[in-house]
Amino acid sequence: MAFESKIRPITWENGKSKMIDQTIIPYEYKYIEITSGDDMFNAIRNMIVRGAPAIGIAGAQGIVLYAQEGRGKYNNIDEFKAYLLEKADYMATSRPTAVNLMWACEEQRKIIKNSCSDMQGLIKELTDKAIEIELDDINRCKLMGDFGAEVVPKGATILTHCNAGALATGGYGTALGVIRSAFAKDNTIQVFADETRPRQQGARLTTFELAMDGIPVTLITDGMCSYFMNKGMIDMVIVGADRIAANGDTANKIGTYTVAIAAKYHNIPFYVAAPLSTIDISIKTGAEIPIEERAKEEVTHINGERICALEGVNIINPGFDVTPNELIAGIITEKGILRPDYKKSIAEVFNK
Ligand code: MRU
């Protein structure tokens, strides 16, 4: 059963993209307009919009914005298409790890290559596709919610890492979508949210959107998860994903791997919730997933304020890690819950 979320992080309105600026939540909650392809590229790179499915939607919209800008600059449709294919490739590089972005840009590339329309007609086809990707994602999240809610025990306390919620998708969420659907059936469940350093998506975004929906949430810092698991206070873990390899190895926000190891040690089921667009069957294992390296200032600063870090200290800041498939109890998708052996269950779902 679906529990409606009021949050729509990115939509298409009157020929422009309208998105919630996620860099200022929870201090401010406001929409901004993105009106050019380059501004969309920067909004993705600077995480004004973030979360794997949401940046897929953003990428698809960004290509529409480039198409609108290019109209009138080209003498014929072939030149216009060549320009658009170049921009679609460029948009796909705005962030490297979440495969939904490349997937959505590829959907637009297919339209550009195969369309028989004139420039105006092609822009319409690209716009329709961007809207379809957004709305379709919400439906997929609700289906994941239905499947996932089945494995949430009555009165469970669920740990989550980062933000895999309405804010990270078209709306509703993947991991938080499962939690929303489970809460609609049993309002005694509750959530523990990891802070998620360095960008604090758990502290800033997950607590914000769960509180908005009245779902009980407790914020903990990243290092606390095994302490609460050891105390018997966590019943299951549900996280989202940025890219899943053909063998089930899963890239998600840095720190997820630590949570998965701690869950295994304490015999707590660790689930991943992700649409099929997050599964990259072109790569065999997680070792092939490109891991984004982000700015050092994300570690030394919070909201532009320096924290107590030694001036000039060496810093490395990978944005994601890869959880090996053997730590994952199930991958909750819009087609059902995939179980080990993932090489087999993933191949089966793609061949159906
Ligand atoms: O760097 P971010 O905030 O884009 O990372 C987001 C995550 O790691 C999410 O868990 C993932 O994208 C799944 S979102 C449904």
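Small disclaimer: the values here were computed from a predicted structure and weren't measured. FYI, side chains are in, hydrogens and waters are out, and symmetry mates aren't considered; it's all heavy atoms of this structure. In each ligand, atom 1 is the first atom listed, and ligand 1 is the first ligand listed.
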Examine the side chains of Ser5 and Glu209 and answer whether a donor and an acceptor come within less than 3.5 Å of each other.
no
Hey, does Ile291 have a side-chain heavy atom less than 4.5 Å from the side chain of Val322?
yes
Can a donor-acceptor pair be found between the side chains of Arg50 and Gln201 at a distance below 3.5 Å?
no
Distance-only polar pair, side chains of Asp249 and Thr285, donor-acceptor under 3.5 Å:
no
Would you tell me whether Thr23 and Asp21 have side-chain atoms, one donor and one acceptor, within less than 3.5 Å of each other?
yes
Evaluation steps, side-chain hydrogen bond (donor to acceptor under 3.5 Å, both in side chains), between Thr221 and Glu195:
CA-CA 5 Å; Thr221 67; Glu195 178 192 14; 5.2 Å; no
Report each N/O pair between ligand 1 and the protein that falls under 3.5 Å, naming both atoms.
from: ligand 1; atom 1: 1 (O); to: Arg95; atom 2: NH1; distance (Å): 3.4
from: ligand 1; atom 1: 1 (O); to: Arg95; atom 2: NH2; distance (Å): 2.9
from: ligand 1; atom 1: 1 (O); to: Lys253; atom 2: NZ; distance (Å): 2.7
from: ligand 1; atom 1: 3 (O); to: Arg50; atom 2: NE; distance (Å): 2.8
from: ligand 1; atom 1: 3 (O); to: Arg50; atom 2: NH2; distance (Å): 3.2
from: ligand 1; atom 1: 3 (O); to: Gln201; atom 2: NE2; distance (Å): 2.8
from: ligand 1; atom 1: 4 (O); to: Gly51; atom 2: N; distance (Å): 3.0
from: ligand 1; atom 1: 4 (O); to: Arg95; atom 2: NH1; distance (Å): 2.8
from: ligand 1; atom 1: 8 (O); to: Asp242; atom 2: OD1; distance (Å): 2.8
from: ligand 1; atom 1: 8 (O); to: Asn252; atom 2: OD1; distance (Å): 3.1
from: ligand 1; atom 1: 8 (O); to: Lys253; atom 2: N; distance (Å): 3.2
from: ligand 1; atom 1: 10 (O); to: Asn252; atom 2: OD1; distance (Å): 2.6
from: ligand 1; atom 1: 12 (O); to: Ala52; atom 2: N; distance (Å): 2.9
from: ligand 1; atom 1: 12 (O); to: Asp242; atom 2: OD1; distance (Å): 3.3
from: ligand 1; atom 1: 12 (O); to: Asp242; atom 2: OD2; distance (Å): 2.9

